[in-house]
Amino acid sequence: MNAFATVSRALPQPGGAALLLDFDGTLVDLAETPGGIAIDPGLPSLLDDLARATGGALALVSGRAIDDLAGFLPGYGGPLIGGHGAETRLDGRISRHPLAGSALLARLWSEVQALAAEAPGLLAEPKPTGCVLHYRRAPGHEAWVQDRLAALAGSAPGIEAHQSKMAVELRPDDIGKDRAVAALLQLPPFAGRAAIFCGDDATDEPAMAFCLQAGGTAIKVGKGPSAAPHRLDAPAALRAALTHWAGLETAR
Ligand SMILES: O=P(O)(O)OC[C@H]1O[C@H](O[C@H]2O[C@H](CO)[C@@H](O)[C@H](O)[C@H]2O)[C@H](O)[C@@H](O)[C@@H]1O
């Protein structure tokens with residue numbers, strides 16, 4: 001049996017599950033730049049179908065800003081968690097961490113832009129609740145980026161430097177996907193369901209651990225250590241597994 005079919009059979013049934021999906025590296029392949037990703041043409045309808053199959057207990061849980069994410073999925077109106085938990089969109093209404101729009105984050109954004117100008121290939125990305133310095137196109141600058149952003153975080157009360165794939169982010173120090181997922185799972189239609197978290201990055205691991213501890217499960221996409229009991233090698237395999245899981249193959 002294919003790996004995607006084996007994984008899908010091991011999951012709780014859609015009618016009793018809450019499906020929590022990371023975005024970059026999980027639903028879409030990674031790209032050289034944040035704006036360079038390609039959305040699989042079947043992804044929007046897959047999300048609609050999964051929302052139906054789970055009775056609406058589907059959420060995207062991303063590090064991206066909500067407005068950025070919504071720009072890639074304009075037809076998706078369901079729950080979104082963005083900024084690693086610093087933003088939430090529920091019933092179309094967005095709420096943000098209290099530091100959004102602060103002078104502190106504006107100062108950090110100026111400093112990160114100045115750092116990005118110091119070497120070709122570095123890329124600064126703004127968010128309402130933080131900012132990122134990407135070095136995927138300047139991999140030799142990894143330690144330099146880590147040191148500089150650690151120093152900036154040290155100068156900014158309530159801010160931490162957070163490592164993700166070929167990037168370091170400055171974000172509020174009291175957020176995380178685990179906390180955001182825990183809050184979401186208190187709400188209808190998520191409450192009382194077995195949570196399934198699908199992710200690819202170290203930043204997803206706390207949310208996976210939370211779901212496991214709460215009686216749910218997790219799927220790791222790609223290589224690297226993970227607490228997840230299930231693993232698939234790429235976003236295409238996860239999309240296939242979810243299609244199989246929700247019994248959508250004949251309908252699509
Ligand atoms: O939590 P996620 O939905 O997985 O978002 C994590 C970060 O994704 C983006 O950066 C990553 O993907 C880029 C596009 O593939 C890639 O170029 C970059 O190297 C990766 O770090 C996004 O730009 C970040 O804001 C998200 O936090």
Side-chain angles (χ1 to χ4, degrees), residues 19-40 43 47 58-73 76 78-89 96-97 100 105 108-109 112-113 116 119 121-142 145-146 149 153 159-172 175-181 184 197-208 210-211 218-224 226 228 232 234-236 238-239:
L19 185 60
L20 308 164
L21 301 171
D22 172 55
F23 184 67
D24 289 275
T26 297
L27 287 176
V28 302
D29 290 316
L30 294 175
E32 282 291 294
T33 63
I37 55 168
I39 304 295
D40 181 83
L43 182 59
L47 293 177
L58 164 76
L60 301 187
V61 184
S62 176
R64 285 189 186 251
I66 280 180
D67 288 345
D68 181 22
L69 199 51
F72 284 106
L73 296 169
Y76 175 76
L80 291 177
I81 290 168
H84 305 281
E87 297 182 287
T88 304
R89 187 185 80 185
R96 296 194 165 99
H97 190 277
L105 288 187
L108 292 172
W109 171 235
V112 166
Q113 284 180 287
L122 294 177
L123 176 68
E125 176 191 5
K127 300 185 184 184
T129 56
C131 54
V132 191
L133 188 52
H134 292 267
Y135 54 87
R136 186 172 291 277
R137 293 186 301 176
H141 278 69
E142 179 173 63
V145 169
Q146 289 167 340
L149 267 68
I159 296 294
E160 66 181 7
H162 180 81
Q163 179 73 47
S164 56
K165 288 187 170 172
M166 308 299 280
V168 181
E169 176 160 352
L170 297 177
R171 66 178 213 182
I175 56 135
K177 290 186 179 183
D178 53 342
R179 296 186 196 201
V181 163
L184 190 66
F197 194 98
C198 306
D200 72 308
D201 197 351
T203 61
D204 299 316
E205 289 295 322
M208 290 185 185
F210 176 82
C211 290
I219 304 172
K220 162 86 172 177
V221 178
K223 298 192 171 87
S226 177
L232 292 165
L238 178 67
R239 295 194 302 269

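First listed ligand is number 1; within each ligand, the first listed atom is number 1.
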(request) Under 4.0 Å from a heavy atom of Glu32: give me the atoms of ligand 1 that qualify, with their elements. (result) 17 (O)
(message) Tell me which one of Arg96, Arg64, Lys177, Arg171 satisfies salt bridge (charged side-chain N to carboxylate O under 4.0 Å, His left out) with Glu87.
(response) Arg96
(request) Check each atom of ligand 1 against the heavy atoms of Ile37 and keep those under 4.0 Å away; list them by number with element. (result) 14 (C), 15 (O)
(request) Heavy-atom contacts with Phe23 under 4.0 Å: which atoms of ligand 1 show up? List them by number with element. (result) 3 (O)
(message) Which heavy atom of Arg239 sits nearest to which heavy atom of Asp40, and what is that distance?
(response) NH2-OD1, 3.4 Å
(request) Specify the protein heavy atom at minimum distance from atom 22 (C) of ligand 1: its residue, its atom name, and the distance to 0.1 Å. (result) Glu125 OE1, 3.7 Å
(message) Does this structure show an ion pair linking Lys127 with Glu169, if we count only N-O contacts that are shorter than 4.0 Å?
(response) yes
(message) Show the atoms of ligand 1 that are less than 4.0 angstrom away from any heavy atom in Pro34.
(response) 14 (C), 17 (O), 23 (O)
(request) Output the distance between atom NE2 (His97) and atom NE2 (His84), rounded to the nearest 0.5 Å. (result) 13.5 Å
(message) Can you list everything that forms a side chain to side chain donor-acceptor pair (under 3.5 Å) with Tyr76? Sequence neighbours excluded, please.
(response) none
(request) For ligand 1, find out whether one of its N or O atoms is nearer than 3.5 Å to an N or O atom of Asp204. (result) no
(message) One residue to check: Val28. Relative to ligand 1, which of side chain, backbone, both or neither has a non-hydrogen atom less than 4.0 Å away?
(response) neither
(message) For the CG atom of Leu170 and the NE2 atom of His162, what is their distance to the nearest 0.5 Å?
(response) 11.0 Å
(request) Mark up the atoms of ligand 1 that fall under 4.0 Å of a heavy atom belonging to Gly63, in ascending order. (result) 1 (O), 2 (P), 3 (O), 5 (O), 26 (C), 27 (O)
(request) Look at atom 27 (O) of ligand 1 and say which protein heavy atom is nearest, naming residue and atom and giving the distance to 0.1 Å. (result) Lys127 NZ, 3.0 Å
(request) Closest by any non-hydrogen atom to atom 18 (C) of ligand 1: pick that one out of Arg171, Arg64, His134. (result) His134
(message) Let me confirm one number: the CD1-CG distance from Ile81 to Leu60, rounded to the nearest 0.5 Å.
(response) 9.5 Å
(request) To the nearest 0.5 Å, tell me how far Leu43 CG sits from Phe23 CZ. (result) 7.0 Å
(message) Testing Asp204, Asp201, Asp200 one by one against Lys165 for a salt bridge (charged side-chain N to carboxylate O under 4.0 Å, His left out), which residue passes?
(response) Asp200
(message) Suppose we measure from atom 3 (O) of ligand 1 to each protein heavy atom; which comes out shortest, and what is that distance?
(response) Ser62 OG, 2.7 Å
(request) If you have a sec, work out which protein heavy atom is nearest atom 19 (O) of ligand 1 and how many Å separate them, to one decimal? (result) Arg136 NE, 2.7 Å
(request) Return the minimal non-hydrogen interatomic distance between His134 and Ala167, and the atom names on each side. (result) ND1-CB, 3.6 Å
(message) Could you tell me, atom by atom, which parts of ligand 1 come under 4.0 Å of a heavy atom of Glu169?
(response) 27 (O)
(request) State the CG-OH distance between Leu123 and Tyr135, to the nearest 0.5 angstrom. (result) 13.5 Å
(request) Do me a favour and list the nearest non-hydrogen protein atom to atom 7 (C) of ligand 1 with residue, atom name and distance? (result) Asp24 OD2, 4.2 Å
(message) If I apply the N/O under 3.5 Å rule, does Lys165 come out as touching ligand 1?
(response) yes
(message) Distance under 4.0 Å to a non-hydrogen atom of His84: what atoms of ligand 1 satisfy this?
(response) 27 (O)
(message) Looking at ligand 1, would Asp201 count as a contact under a 4.0 Å heavy-atom criterion?
(response) no
(message) Side chain or backbone, does Ala31 bring an N or O within less than 3.5 Å of an N or O on ligand 1?
(response) yes
(request) Please could you name the atoms of ligand 1 that Asp22 approaches to less than 4.0 Å, counting only its heavy atoms? (result) 1 (O), 2 (P), 3 (O), 4 (O)
(message) Using the rule given for side-chain contact (heavy atoms from CB on, under 4.5 Å), can you reason through Leu184 versus Leu20, listing the C-alpha separation, both sets of side-chain angles and the distance that settles it, and then say yes or no?
(response) CA-CA 10 Å; Leu184 190 66; Leu20 308 164; 3.8 Å; yes
